[in-house]
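Below you'll find the structure, written out as structure tokens, and then a few comments.
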Amino acid sequence: MRALTWDQGRETARWAGTETALDIEVFLCESRSFWQRPTNEQTNALLRRRLPKGTPLDLNPLKLSIIEDNLNWMPRRLHDWQSAADIYAQLSRNHQ
């Protein structure tokens, strides 16, 4: 990974530390510029298929867990048709 692109939010307040720790550039997206964060928008679209706008999020934990597993184990072109869970497992093994 050479760069990380984040939406602007409280969770990105320490972006400089992330840049230093990972030795990569961090880019913060401009407000209302959805084209600057395509992975985030794709994930939102996948979530909306399962949880339409207005759906209360106080759902059964089992249902939320199933949605989470479906998203995490879905093969993605971005990852050369591996799932995010596969990538995470590989990275975890390499950093033990």
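The figures here come from the full heavy-atom set of this structure, side chains too, leaving out hydrogens, waters and symmetry mates.
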Exercise. May I ask whether Leu46 and Tyr88 are part of the same hydrophobic cluster, defined by side-chain heavy atoms of I, L, V, M, F, W, Y residues being less than 4.5 angstrom apart, directly or through others?
Key: no

Quiz item: Should Gln42 and Leu78 count as side-chain neighbours, where that means a heavy-atom distance under 4.5 Å?
Solution: no

Self-check item: Value rounded to 0.5 Å, distance of CD1 in Ile87 from CG in Asn72
Solution: 12.0 Å

Quiz prompt | Heavy-atom pair with the smallest gap, counting every atom of Arg76 and Thr43 | solution = NH1-OG1, 3.9 Å

Self-check item: Closest non-hydrogen atom pair, Trp81 against Pro75
Solution: O-CB, 3.4 Å

Self-check item: Heavy-atom neighbours of Asn60 CG exceed 12 at 6.0 Å
Solution: yes

Quiz item: Any side-chain heavy atom of Arg49 within less than 4.5 Å of one from Ile67?
Solution: no

Quiz prompt | For Arg48, all residues meeting side chain to side chain contact (heavy atoms under 4.5 Å, CB included), sequence neighbours excluded | solution = Lys53

Quiz item: Between Met74 and Leu51, is there a shared hydrophobic cluster once you connect ILVMFWY residues whose side-chain heavy atoms come closer than 4.5 Å?
Solution: yes

Self-check item: Listed partners of Glu19 passing salt bridge (Lys or Arg N to Asp or Glu O under 4.0 Å), at least two apart
Solution: none

